[in-house]
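Just so you know, these numbers use all the heavy atoms, side chains as well, and skip hydrogens, waters and symmetry mates.
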Amino acid sequence: MKIMNVFLEKFLRKKKEDNQEEPVEKAFLEEPEPQFETSEDDPACLELSHEHPLYRLYDLRTEKSRNTPPPELIMKGCDDLPESKVRQELMGFRIEVTKAADQRLKDATPKVKVDEDGVETVGLEPSMDAQPLVHISSDKMYAWVMVFPPTGMGKELDREILCDALEKKKVTYGVDLELLEKLPEDYNRYFHLFPIARGSKAANGDNGYIVDYFLRNVERVPEMDEFGNVDYTSLGSEQNVKKGDLICEAIPPTEGIAGRNVLNQELRCKDGRSVSIPKGKNTEISEDGNKLLASLDGRVEFSGRYFSVRPLLEVHGNVDYSTGNINFIGDVLVRGDVCSGFSVRAMGDIKVCGVVESCEIEAGGDLIVDKGIIGNKENLENIVRSQHNVYSKYIANSIVHARKNVHTDVIRYSNVYSDGDVQVCSGRGLVVGGQIRAARGVEARTVGSVYESPTLIMLGGQPYADFERELLSRNIKEMKAEMERLEQQPDSPFRSKRMSKLRLELSVNGMKLNKFDREKERLDEELEEKGGCQLRCSTAHPKVTITIEGETVVLDRTYNSCYARLVGGEIFLM
């Protein structure tokens, strides 16, 4: 106490010498505001000027107890906050601690009294208990405490003082009870910043999702071994299912967990969103509502939005007189051959484990022939059509139409029409005789033969679409002729019904023709972006005729590493 009085007397004497008449309190409070700074080493550390009121309080404390460690204001316990957020909280804390330290310094300064004779005397140091300063973050998820030491005969920090300060600030959730017990005995209990409470963040629930047990996109890409051969018996993934098999499963969403801030206020959460099961044809949902099951035997396919099961017709032997012609709405699997004179039509994929002889095949999906397609050499009788791709070990003396690509080892004396690419790169990779028409390109090892067999390669256009367009135009012409005949007949219920049906079919076929035209424009744009159609082969023999978009050239010699494309209206060969 004597040391404090001496300090204040010296201070007042210096004031008089400088002719300053300002009160002591004002001299302490009107110090210039230091700039806000953080440590370069630790952005969570607040550095204050030594002229700051907090340090003046520290000086007063050290005169009474020299065993007091220097101030350290490090905002701990918020490692998950970004640096910018920590700096923002430090700024808010600095404002609070400056205001509180100013007021504490003012209250801790002994009062100066002047008697009747004008003699000034300094009173005793005021007695104040330790004072915790509780700072709550702007999001109310964190709370820190810094304690000012007692003055005079004030009470040292204890648990009751801390609890009262927290209660006054309404900090009741996430309080560090261990720190609450240990802090009153801690060596650094004064002028140090401690994390005293932390809220729990709200956790939103996880959305539901689908677990697939079958592929959504099945790509049949022929893969060659080291000898350049392709195993056509194991192309792609056969996604066959039995009735009751699991196709996919919906994992339910989880509920969110509500959070609470340090003021024990609830933080709302969101429950996860459920996901709908992609149920398509010939599937059913399990009793618990989370599983998609096959309702019949067949093949799983994904249409872009839904899983469905396409019926599978399995022929364990040949397609011959024992089975007759096959016309099926799903997929067809023939374990044997398709014999001459018979037909197989399916809306889905057709797979033949044996040979396709002189017959008719029409697949709404892919056509896979493990062995090969062979027709009559004298008369190309068998016609093979696929709305997607054709995969076959070889093609001989046949007519093949594919809306997409054709993959094979050999094409001999056949007419092949493709709206995509014709790939003859595996095995012998031979194209000889007949004509190959491809919208995009032809790639082979050898085109033609040393015996100069006439072979025609035509690139560009839409060979398959042209074939369908021709059939469609022929049907439209026939329906119009029938309508003209019906118009000349007298009115009857049959005439009216037939006329209505013909008008509907004409309208549908007209829309199909328009769709062909739009598809052609799109494919032309894609082809132009890829550099146009082209022929690539290791060897091209004489008598090979190459036509690209109307321009024709006939090879008069053998070309090695032949590459043909249209450049500036002329066929460029190299």
Side-chain angles (χ1 to χ4, degrees), residues 44 75-90 92-93 134-145 162-163 165-181 194-217 239 241-295 300-309:
M75 197 161 272
K76 300 178 181 178
C78 56
D79 297 336
D80 55 337
L81 290 180
E83 185 175 325
S84 58
K85 181 68 175 176
V86 174
R87 290 181 178 275
Q88 181 182 348
E89 293 300 335
L90 280 175
F93 172 70
V134 179
H135 172 73
I136 301 174
S137 63
S138 57
D139 59 3
K140 301 178 184 178
M141 293 298 292
Y142 303 89
W144 294 270
V145 63
L162 282 173
C163 291
L166 292 174
E167 184 178 355
K168 186 177 180 180
K169 283 283 192 173
K170 299 181 180 180
V171 177
T172 58
Y173 182 84
V175 177
D176 189 342
L177 300 179
E178 184 178 355
L179 178 64
L180 204 63
E181 295 290 340
F194 296 93
I196 191 66
R198 179 171 181 168
S200 59
K201 295 182 179 180
N204 294 330
D206 295 328
N207 294 332
Y209 59 94
I210 298 293
V211 176
D212 296 334
Y213 297 100
F214 288 87
L215 296 175
R216 297 197 175 200
N217 297 307
Q239 302 205 110
V241 294
K242 297 292 185 181
K243 181 179 179 180
D245 285 353
L246 178 62
I247 298 174
C248 67
E249 182 178 5
I251 304 302
T254 59
E255 296 182 354
I257 301 176
R260 288 195 174 275
N261 59 28
V262 295
L263 305 183
N264 205 21
Q265 297 169 337
E266 184 176 351
L267 305 177
R268 294 183 178 180
C269 63
K270 294 181 180 179
D271 293 337
R273 296 192 301 269
S274 60
V275 62
S276 58
I277 295 179
K279 182 184 182 306
K281 292 182 179 179
N282 303 320
T283 61
E284 59 187 11
I285 298 177
S286 61
E287 293 183 0
D288 61 7
N290 294 327
K291 296 179 177 64
L292 183 66
L293 309 174
S295 57
V300 176
E301 70 172 5
F302 188 76
S303 61
R305 297 181 62 186
Y306 308 107
F307 276 111
S308 58
V309 176

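Note that the CZ atom of Arg260 and the CD atom of Gln265 stand 9.5 Å from one another [nearest 0.5 Å]. Atom CD of residue Gln88 and atom CG of residue Leu81 lie 10.0 Å apart, to the nearest 0.5 angstrom. The CD atom of Glu301 sits 11.0 Å away from atom CD1 of Ile247, with the distance rounded to the nearest 0.5 Å. Taking NE2 from His135 and CD1 from Ile196, the interatomic distance works out to 14.0 Å, rounded to the nearest 0.5 Å. The distance from atom CD1 of Ile210 to atom CD1 of Ile251, rounded to the nearest 0.5 Å, is 8.0 Å. We find the OG1-CG distance between Thr172 and Leu166 to be 9.5 Å, quoted to the nearest 0.5 Å.
Taking each heavy atom of Gly77 and Tyr142 in turn, the nearest pair found is O-CE2, 3.5 Å. Nearest heavy-atom pair across Ala203 and Cys269 is O-CB, 3.8 Å. Here the closest non-hydrogen pair linking Cys248 and Ile277 is SG-CG2, 4.4 Å. Annotation for Leu263 and Lys140: closest pair CD1-CD, 3.7 Å, computed over non-hydrogen atoms. The shortest heavy-atom contact between Asn290 and Pro252 is ND2-CG, 4.0 Å. Taking both residues in full, the closest heavy atoms of Arg216 and Pro278 are given as NH2-CG, 4.5 Å, listed atom of the first, atom of the second, then distance.
Identified under the side-chain hydrogen bond (donor to acceptor under 3.5 Å, both in side chains) test for residues 246-258, with sequence neighbours left out: Tyr213-Glu249. Residue pairs meeting the side-chain hydrogen bond (donor to acceptor under 3.5 Å, both in side chains) criterion with at least one member in residues 278-289, sequence neighbours excluded: Ser286-Asp288, Asp288-Lys291.
For the pair Asp176 (side chain) and Ala197 (backbone), a donor-acceptor distance under 3.5 Å is absent. No donor-acceptor pair under 3.5 Å is formed between the side chain of Ser308 and the backbone N or O of Gly280. Using a distance-only test at 3.5 Å, with no hydrogens or angles considered, no donor-acceptor pair links the side chain of Asn261 to the main chain of Gly199. Looking at Asp212, its side chain never comes within 3.5 Å of a backbone N or O of Phe214 through a donor-acceptor pair. Checking side-chain atoms of Asn207 against main-chain N and O of Arg273 turns up a donor-acceptor pair under 3.5 Å. Listed for the Trp144 side chain is a donor-acceptor partner under 3.5 Å among the backbone atoms of Lys76.
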Dump the intermediate steps for side chain to side chain contact (heavy atoms under 4.5 Å, CB included) on Leu293 and Leu246, then the final yes or no. CA-CA 5 Å; Leu293 309 174; Leu246 178 62; 3.9 Å; yes

Is there a side chain to side chain contact (heavy atoms under 4.5 Å, CB included) between Val86 and Cys78 once you walk through the steps? CA-CA 8 Å; Val86 174; Cys78 56; 4.1 Å; yes

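No hydrogens or angles considered: a donor-acceptor pair under 3.5 Å links the side chains of Lys85 and Ser138.
Side-chain contact between Leu180 and Cys163 is present, with at least one heavy-atom pair separated by less than 4.5 Å.
No more than 12 heavy atoms of other residues, nucleotides or ligands lie within 6.0 Å of CD1 in Ile257, so this atom counts as exposed by the packing criterion. For Asp80, the CG atom is densely surrounded, since the number of other residues' heavy atoms within 6.0 Å is greater than 12.
Applying the side-chain hydrogen bond (donor to acceptor under 3.5 Å, both in side chains) test to Lys170 and every residue at least two apart in sequence or in another chain returns nothing.
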